[in-house]
> 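The structure under discussion is supplied below as structure tokens; questions concerning it will follow.
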Amino acid sequence: MAPLTRWRRMLDASREEAVLAVKLFNDPTGERSLEAFVVHMHLAWLYLLQAEWTKAGKDYRVPNPARKGWFKKIDGEHQTPSLDWFVKEKWSEGTAVRANLEFFIRLRNKIEHRHSGSNDALSTVISGQCHALLLNYEEGIVGLGGQGDSLATVLRFPVFVGGFTDHGKDSIVKLTNSLPADLRTFLADYDKSLNNAVSRDPGYCLRLSVVLEKGNRKGDLSMQYLKMDDLDEDARKVLEEAAAKGVMITHTKQVQIANLGLLKAGIMKDNVAAALPFVFNMGHFTSAYKIGKFRPPNGASNPHETREDFAIYDEAHNDYTYTPAYQKYLIKKCSTANGFKATTGREAVLKKAVASSGRTP
């Protein structure tokens with residue numbers, strides 16, 4: 001037997017990573033199963049794209065800018081680009097597959113070694129993106145290596161309960177609300193950054209309608225995967241009506257809302273004041289967002305133009321709410337006298353000085 005080519009060895013390694021990722025994800029007793037899925041799928045995609053470039057004869061080694069014609073090395077091995085680089089090279093911005101991959105690249109940095117207690121909740125909330133990530137990979141590996149590399153021969157549809165019953169649906173809502181505020185904000189912000197065409201594309205997030213059939217006819221698959229685009233108009237209408245009345249496995253696009261871990265100005269002012277050695281009042285708070293231009297002034301024609309990681313306009317109440325990130329920013333910047341003045345435009349006054357003089361802050 002002839003030795004395997006380099007790109008084939010890389011493709012085989014990629015497939016092994018993908019199979020392991022799904023195995024770990026579907027293990028109900030495994031700890032940090034979502035993190036394991038994301039990490040191993042990250043590697044599977046990286047090896048797949050490296051194999052694609054290698055098969056095409058394209059060099060993806062990182063050039064050494066200090067020596068023309070040379071390449072960077074780490075521990076004697078040529079340095080290669082990150083998955084993010086390959087994604088940007090292969091897919092144009094605004095495509096569903098790229099949006100899905102970039103979602104998981106950013107999510108990996110958030111969940112790796114963090115948020116272990118929210119693993120089960122998060123895996124339920126983003127199950128649509130997880131399935132899309134795997135199906136996109138299936139199309140990629142079959143397209144490069146052929147039908148013999150399909151994961152369909154080793155993966156099975158998992159047996160589960162959540163999502164088919166009213167109890168399951170209620171549990172999913174509770175799990176979503178149980179996520180840490182920064183994760184909920186990340187999910188909402190990422191979905192908000194996508195246009196509707198991408199967010200509704202199954203290449204970004206897979207949504208399934210489940211129709212339970214009576215009986216078990218010989219020769220039929222117990223689970224069939226149908227694309228809406230492959231159905232005629234009458235069939236789509238029937239499924240849409242059934243979905244409206246029945247039970248669906250779905251991932252609902254999240255949007256940023258005023259009470260999603262955000263704070264009113266008065267509460268944030270008090271929190272910042274409690275953390276500082278200096279007097280910090282509403283005047284300081286107002287000056288800080290004006291100097292930083294983090295939100296428009298009151299009465300602005302377009303109140304939505306904010307720095308969204310700091311301030312969110314609440315249209316229902318015609319005011320603003322502020323993120324935990326902005327609170328951390330204010331506490332850090334105002335912790336020194338120089339930083340306080342640069343952030344608020346006012347001299348810092350120690351609380352002890354105010355208390356000893358009897359003056360009102």
Side-chain angles (χ1 to χ4, degrees), residues 6-8 10-19 21-22 25 34-35 37-63 78-112 125-147 149-152 155 186-208 225 227-230 251 253-254 308:
R6 183 165 178 261
W7 75 266
R8 167 48 67 179
M10 298 167 74
L11 193 66
D12 289 346
S14 171
R15 189 172 186 269
E16 290 173 1
E17 290 289 341
V19 172
V22 178
F25 184 82
L34 176 63
E35 180 183 320
F37 173 79
V38 173
V39 170
H40 287 286
M41 283 304 300
H42 184 105
L43 291 173
W45 269 105
L46 178 60
Y47 296 163
L48 172 63
L49 295 176
Q50 287 178 345
E52 182 180 284
W53 278 58
T54 301
K55 184 180 181 181
K58 296 191 291 185
D59 193 347
Y60 53 84
R61 293 174 295 177
V62 177
H78 283 112
Q79 182 179 346
T80 56
S82 65
L83 175 59
D84 186 57
W85 182 87
F86 280 104
V87 170
K88 287 181 169 62
E89 288 291 312
K90 183 174 177 63
W91 291 281
S92 58
E93 190 172 359
T95 55
V97 177
R98 173 169 168 172
N100 178 266
L101 279 165
E102 289 182 335
F103 171 82
F104 280 100
I105 291 170
R106 292 177 57 185
L107 181 65
R108 177 184 177 181
N109 297 329
K110 283 191 166 291
I111 65 174
E112 197 167 18
V125 173
I126 66 169
S127 61
Q129 282 97 330
C130 290
H131 283 92
L133 179 70
L134 186 63
L135 284 178
N136 293 339
Y137 175 84
E138 166 76 359
E139 291 185 4
I141 193 171
V142 170
L144 183 61
Q147 288 295 330
D149 289 301
S150 172
L151 301 182
L155 301 183
F186 165 72
L187 295 175
D189 286 347
Y190 194 86
D191 269 4
K192 187 179 178 182
S193 70
L194 305 176
N195 60 50
N196 286 334
V198 172
S199 66
R200 294 183 62 83
D201 193 306
Y204 169 69
C205 179
L206 182 68
R207 297 162 177 86
L208 299 176
Y225 176 60
K227 293 183 178 180
M228 292 292 282
D229 293 341
D230 294 338
H251 169 77
K253 181 178 179 180
Q254 300 185 40
E308 292 188 0

> State, to 0.1 Å, how close G203 and N100 come at their nearest heavy-atom pair, and which atoms those are.
O-CB, 3.4 Å
> If the condition is side chain to side chain contact (heavy atoms under 4.5 Å, CB included), which residues does L144 pass it with, not counting sequence neighbours?
W7, L11, L48, A51, E52, K55
> Output the distance between atom CG (D191) and atom CG (N196), rounded to the nearest 0.5 Å.
10.5 Å
> Identify, with sequence neighbours excluded, every residue that meets salt bridge (Lys or Arg N to Asp or Glu O under 4.0 Å) alongside R15.
none
> Using modelled atom types and a 3.5 Å cut-off, is there a donor and acceptor pairing between side-chain atoms of S150 and backbone atoms of Q147?
no
> Just by distance, do the side chain of H42 and the backbone of V38 share a donor-acceptor pair under 3.5 Å?
no
> Can you find a pair of side-chain heavy atoms, one from L46 and one from T80, that are under 4.5 Å apart?
no
> Can you spot which of L83, V97, D84 makes a side chain to side chain contact (heavy atoms under 4.5 Å, CB included) with E102?
D84
> Evaluate the side-chain proximity of L151 to V22: yes if any heavy-atom separation is below 4.5 Å, no if none is.
no
> Got a donor-acceptor contact below 3.5 angstrom from the N136 side chain to the A132 backbone?
yes
> What distance do L34 atom CG and L107 atom CG have between them, rounded to the nearest 0.5 Å?
6.5 Å
> Working to the nearest 0.5 angstrom, can you tell me the gap between L43 CG and Q50 CD?
9.5 Å
> Mind checking side chain to side chain donor-acceptor pair (under 3.5 Å) for D149 and listing every partner two or more places apart, or none if nothing turns up?
R8
> Please confirm whether W45 and F104 have ring centers closer than 6.0 angstrom.
no
> Could you list the residues that satisfy side chain to side chain contact (heavy atoms under 4.5 Å, CB included) with E16, not counting sequence neighbours?
none
> Is there a side-chain contact between K90 and T95, using heavy atoms and a 4.5 Å cut-off?
no
> How would you list, by chain and number, every residue that makes a side chain to side chain contact (heavy atoms under 4.5 Å, CB included) with A21, sequence neighbours excluded?
F37, H40, M41
> Is the shortest heavy-atom distance from the side chain of K88 to the side chain of R98 under 4.5 Å?
yes
> Indicate the atoms forming the closest heavy-atom contact of V198 with Y204, along with that distance.
O-CB, 3.4 Å
> Could you tell me which residues satisfy side chain to side chain donor-acceptor pair (under 3.5 Å) with S82, sequence neighbours excluded, listed by chain and number?
none
> Please, which pairs that meet salt bridge (charged side-chain N to carboxylate O under 4.0 Å, His left out) have at least one residue in residues 126-138, sequence neighbours excluded?
none
> Do you know which two heavy atoms are closest between C205 and S199, and how far apart they sit?
CB-O, 4.4 Å
> Does L134 reach the side chain of F25, with side-chain heavy atoms less than 4.5 Å apart?
no
> Tell me, please, which residues at least two apart from Y47 pass ring-ring contact (aromatic ring centres under 6.0 Å, His included).
none
> Residues two or more places apart in sequence or in another chain: which of them pass ring-ring contact (aromatic ring centres under 6.0 Å, His included) with F186?
F103
